[in-house]
There are 2 protein chains.
Amino acid sequence: MDKELIATNLRNHHLKVTPQRLKIVESLNTFGHLNIDMLYQEVKEAYPNVSLATVYKNIAIMTENGLLEKVKLPESKSVFEIRKEPHLHLHCSKCGKIEDISFDTEQIRAHAEAVSGYSIQSSDIVLRGVCPACQTNAKK
Amino acid sequence: MDKELIATNLRNHHLKVTPQRLKIVESLNTFGHLNIDMLYQEVKEAYPNVSLATVYKNIAIMTENGLLEKVKLPESKSVFEIRKEPHLHLHCSKCGKIEDISFDTEQIRAHAEAVSGYSIQSSDIVLRGVCPACQTNAKK
DNA sequence: CTATAAACGATAATTTTTTTCCTTAAATAA
DNA sequence: TTATTTAAGGAAAAAAATTATCGTTTATAG
């Protein structure tokens, strides 16, 4: 995802293309998932006098517009990611790393709808465990 | 879940049995899922000069001890519930109601482990949608 | 029944998030 | 391209949420 595409996405949502916003999205593009503090640090590196409020306001408005998504994690601070197809999150309880894996939630959805009568719109799935690297380290 | 059982559970975890704690657990038993404000209101009804800090401290220590569980929901404040077998949460986007449904997460877990190499310990699944009652109301 | 350690309530402190307000910069139209 | 407008930025204050402190009270082990 290059700068021009990000800019286009912003414009499509009637959001101005600012350096701070570009940096936020680029950082998420690079690291996948970042919490508010990490994002602030990232943007600050490029724009030292960015305000934390700016980061807050931007993730809020970009989330409202569906460009970003907030992922609430058990035990830790929420992270943000660039919105893409629905997927599932793996969260390493040792190192905190977060990974996306694609997964078809259709079965879950069908089951839930059948059992409950709800009309399901979206699903949030976070699996907590130990990543391969941390498993290896633990064995040493 | 009656008072005596709650008391036993608390004692098993070396937590003193106080009226405030009993009320918290009883409220969760009655309503299923409550956020911090609702819990505070509930306890306050029975014990008008309970401190909000007491509610915070108690849900924290009971959560640490595995008696309660915190459920993080997209878009809204986290709620607490009494810990039981792993299950799935349905959250109505209209009325905010939360429902538990039982669901075997084994397939998801197996898939995730196979694809990622993670060793999965737990899963958090929240489905967002419209409950039957709100679907009916919407049609009127 | 007493001693002790945990929990309580009140409050302060901290942390997190949102709002305000004035200035600056991006977008739109001339 | 320049001028106008409107959104966004930064700094700071305010608000909201959570945690810590401390003297007092209460549950429980002995």
Side-chain angles (χ1 to χ4, degrees), chain A residues 3-4 6-27 34-65 67-80, chain B residues 3-27 34-65 67-68 70-80:
Chain A
K3 255 180 202 179
E4 214 30 71
I6 300 170
T8 304
N9 285 340
L10 286 169
R11 289 202 188 89
N12 287 344
H13 291 271
H14 312 293
L15 298 177
K16 288 186 180 176
V17 178
T18 68
Q20 295 87 344
R21 285 178 181 168
L22 288 175
K23 181 63 183 172
I24 288 173
V25 180
E26 285 172 335
S27 299
L34 296 173
N35 67 29
I36 193 80
D37 305 308
M38 295 158 150
L39 271 174
Y40 180 44
Q41 290 313 317
E42 277 299 307
V43 182
K44 220 173 176 178
E45 259 178 52
Y47 308 99
N49 40 10
V50 68
S51 168
L52 176 58
T54 296
V55 179
Y56 268 103
K57 284 182 282 194
N58 279 328
I59 60 174
I61 202 168
M62 290 194 278
T63 300
E64 282 163 27
N65 282 277
L67 273 61
L68 304 185
E69 240 172 312
K70 186 176 192 170
V71 182
K72 291 195 175 184
L73 303 169
E75 320 274 292
S76 33
K77 292 194 79 166
S78 298
V79 294
F80 294 85
Chain B
K3 257 182 204 178
E4 214 30 70
L5 178 52
I6 300 170
T8 304
N9 285 339
L10 286 168
R11 290 204 185 90
N12 287 344
H13 291 272
H14 311 293
L15 298 177
K16 287 188 180 177
V17 179
T18 68
Q20 294 89 343
R21 286 178 181 167
L22 286 174
K23 181 63 183 173
I24 288 173
V25 179
E26 286 173 335
S27 299
L34 297 173
N35 67 28
I36 192 81
D37 305 309
M38 294 159 149
L39 271 174
Y40 181 44
Q41 290 313 317
E42 277 299 308
V43 181
K44 221 171 172 178
E45 258 178 53
Y47 308 99
N49 40 11
V50 68
S51 168
L52 177 56
T54 296
V55 179
Y56 268 104
K57 285 183 282 193
N58 279 328
I59 61 175
I61 202 167
M62 289 194 278
T63 301
E64 284 162 26
N65 281 276
L67 272 62
L68 304 184
K70 185 176 192 170
V71 183
K72 292 194 174 186
L73 303 169
E75 319 275 289
S76 32
K77 291 194 77 168
S78 297
V79 294
F80 294 85

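Quick note on labels: first sequence line is chain A, next is B, and so on, each numbered from 1. Computed from a predicted model, the values in this text were never measured in an experiment. Only this structure's heavy atoms are used, side chains among them; waters, hydrogens and symmetry mates stay out.
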Heavy atoms from C-beta onward define the side chain here; which of C:dT19, C:dA10, D:dA17 lies closest to that of B:Tyr56? D:dA17
Whole-Å distance separating the CG atom of B:Leu22 from the C1' atom of D:dT28: 15 Å
Within a strict 4.5 Å, meaning less than it, do heavy atoms of the B:Val25 and B:Leu67 side chains meet? no
So, B:Lys77 side chain and B:Asn35 main chain: donor-acceptor pair closer than 3.5 Å or not? no
How close or far is atom P of D:dA7 from atom CG of A:Leu10, stated in whole angstroms? 15 Å
Which one, D:dT18, D:dA8, D:dG10, comes nearest to the side chain of B:Leu52? D:dT18
Go through the N and O atoms of the side chain of A:Lys16 and the base of D:dG9, and report whether any donor-acceptor pair is under 3.5 Å. no
Hey, which of these two, A:Pro19 or B:Asp37, hits DNA chain D nearer its 5' end, going by closest nucleotide? A:Pro19
Strictly below 4.0 Å: does A:Gln20 bring a side-chain N or O up to OP1 or OP2 of C:dA25? no
Show, in sequence, the C-alpha distance, side-chain angles and deciding distance for A:Ser27 and A:Leu39, and conclude whether the side-chain contact (heavy atoms from CB on, under 4.5 Å) test is met. CA-CA 7 Å; A:Ser27 299; A:Leu39 271 174; 4.3 Å; yes
NA contact type, B:Ala53, heavy-atom cut-off 4.0 Å: base, sugar-phosphate, or nothing? base
Calculate the interatomic distance between B:Ile61 atom CD1 and C:dA6 atom P; express it in whole Å. 9 Å
Between P of D:dA17 and NZ of B:Lys70, the distance in whole Å: 12 Å
Is there a side-chain contact between B:Asn35 and the phosphate of D:dA17, meaning an N or O under 4.0 Å from OP1 or OP2? no
What is the distance from CZ of A:Phe80 to C1' of C:dT17, rounded to the nearest Å? 11 Å
Return whichever of B:Ile36 or A:Leu15 has its heavy-atom-nearest nucleotide of DNA chain D closer to the 5' end. A:Leu15
Please report, rounded to the nearest Å, how far the P atom of D:dC22 is from the NZ atom of B:Lys57. 13 Å
Check A:Lys70 against A:Thr63 and note the closest heavy-atom contact, atom names and distance. N-CG2, 4.4 Å
Round to the nearest Å and state the distance from A:Lys44 atom NZ to D:dG10 atom P. 11 Å
Side chain of B:Ser51 only, please: which of C:dT17, C:dT11, D:dG9 is the nearest? C:dT11
Would you say that B:Val50 contacts B:Tyr40 through its side chain, given a criterion of any heavy-atom pair below 4.5 Å between the two side chains? yes
Atom pair distance, as rounded to whole Å: CG in B:Asn58 and P in D:dT19: 13 Å
Reckon B:Thr18 touches a base, only the sugar-phosphate, or nothing at all at heavy-atom distances under 4.0 Å? sugar-phosphate
